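Handing you this structure, nothing more for now.
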Amino acid sequence: MEAPDEEHKSFEDQLADEAAELDGYFSDTPLEPEPEYPPLNETFENVVVILNFPKVPEAKVEKLTNVIRKILSKVGTLASNEETGYGGLEVPFDAEKGSTLGIALVEYVDRHDAE
């Protein structure tokens, strides 16, 4: 229960007390995030879907991905994003089955490489 004098404090004083309790984690600076989104590509002209891809267990996914990335990068430049770690190749994994789904999604920077 609050002390009786807490009820009579102004809103600003209550905020100041809360800020002191937070020990520096409180800021009066308004948050105005301005996300930087990459340009949206509304077509899939630079994407290739590979079917009949090997189904491998989780332990071998990284090795398979590295081998396929090496082969595919000889065709053209794979799309990438250093901030997110995206490397232009996605190999979906089914956690219930414990293996990949047998497909791969490849994104190239240029649509001519995808053709």
Side-chain angles (χ1 to χ4, degrees):
M1 185 168 171
E2 292 184 4
D5 61 335
E6 286 289 319
E7 294 176 11
H8 301 291
K9 285 188 175 182
S10 69
F11 180 70
E12 289 81 17
D13 289 338
Q14 291 176 0
L15 283 179
D17 289 346
E18 183 179 347
E21 289 174 17
L22 293 173
D23 190 33
Y25 292 107
F26 186 77
S27 173
D28 291 332
T29 306
L31 295 177
E32 296 178 15
E34 295 181 20
E36 295 180 24
Y37 297 111
L40 179 63
N41 184 353
E42 295 183 4
T43 67
F44 291 99
E45 60 190 12
N46 60 331
V47 176
V48 176
V49 178
I50 301 174
L51 303 175
N52 295 322
F53 200 71
K55 293 183 179 182
V56 298
E58 187 173 8
K60 295 184 178 183
V61 172
E62 185 177 351
K63 183 175 182 178
L64 175 65
T65 304
N66 290 337
V67 169
I68 297 302
R69 181 175 283 117
K70 187 174 181 179
I71 293 169
L72 294 172
S73 64
K74 291 179 181 180
V75 174
T77 305
L78 296 177
S80 65
N81 184 327
E82 290 182 19
E83 288 182 18
T84 62
Y86 175 68
L89 174 64
E90 289 294 321
V91 180
F93 187 81
D94 185 347
E96 286 183 18
K97 293 182 181 178
S99 68
T100 57
L101 295 177
I103 64 170
L105 305 167
V106 183
E107 182 181 2
Y108 287 99
V109 173
D110 186 17
R111 73 177 182 92
H112 297 294
D113 294 337
E115 292 174 352

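Treat the numbers as computed from the prediction; the structure is a model and nothing was measured. No hydrogens, no waters, no symmetry mates; every other heavy atom, side chains included, goes into these values.
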(message) Using the rule given for side-chain contact (heavy atoms from CB on, under 4.5 Å), can you reason through Leu78 versus Tyr108, listing the C-alpha separation, both sets of side-chain angles and the distance that settles it, and then say yes or no?
(response) CA-CA 4 Å; Leu78 296 177; Tyr108 287 99; 3.6 Å; yes
(request) Following the transitive rule for hydrophobic clusters with a side-chain heavy-atom cut-off under 4.5 Å over Ile, Leu, Val, Met, Phe, Trp and Tyr, establish whether Leu105 and Val48 coincide in one cluster. (result) no
(message) So for atom OH, which belongs to Tyr86, do other residues, nucleotides or ligands contribute more than 12 heavy atoms lying within a distance under 6.0 Å?
(response) yes
(request) Find out if a path of hydrophobic residues (ILVMFWY) with successive side-chain heavy-atom gaps under 4.5 Å connects Val47 to Leu89. (result) no
(request) Could you tell me whether Asn52 atom CG has more than 12 heavy atoms of other residues or ligands within 6.0 Å of it? (result) no
(request) Taking all heavy atoms of Lys9 and all of Asp13, pick out the closest pair and write down the distance. (result) CB-CB, 4.1 Å
(message) Within the structure provided, determine whether Val106 and Val75 are in side-chain contact (heavy-atom separation under 4.5 Å).
(response) no
(request) Apply side-chain contact (heavy atoms from CB on, under 4.5 Å) to the pair Val61 and Val56, showing each step before the final yes or no. (result) CA-CA 6 Å; Val61 172; Val56 298; 4.0 Å; yes
(request) Hey, could you give me the CD/NZ distance between Glu62 and Lys60, rounded to the nearest 0.5 Å? (result) 14.0 Å
(message) Using 0.5 Å steps for rounding, measure from the CG atom of Leu72 to the NZ atom of Lys70.
(response) 12.5 Å
(request) Please name the pair of heavy atoms, one in Glu45 and one in Ala114, separated by the smallest distance, quoted to 0.1 Å. (result) O-CB, 3.7 Å
(message) Taking Phe53 as the starting point, is it possible to reach Phe93 by hopping between hydrophobic residues whose side chains are less than 4.5 Å apart?
(response) yes
(request) Might you point out which heavy atoms bring Arg111 and Glu115 nearest each other, and give the distance in Å? (result) NH1-OE2, 2.8 Å
(request) Let me know which of Ile103, Leu64, Thr100, Leu101 forms a side-chain contact (heavy atoms from CB on, under 4.5 Å) with Lys55. (result) Thr100
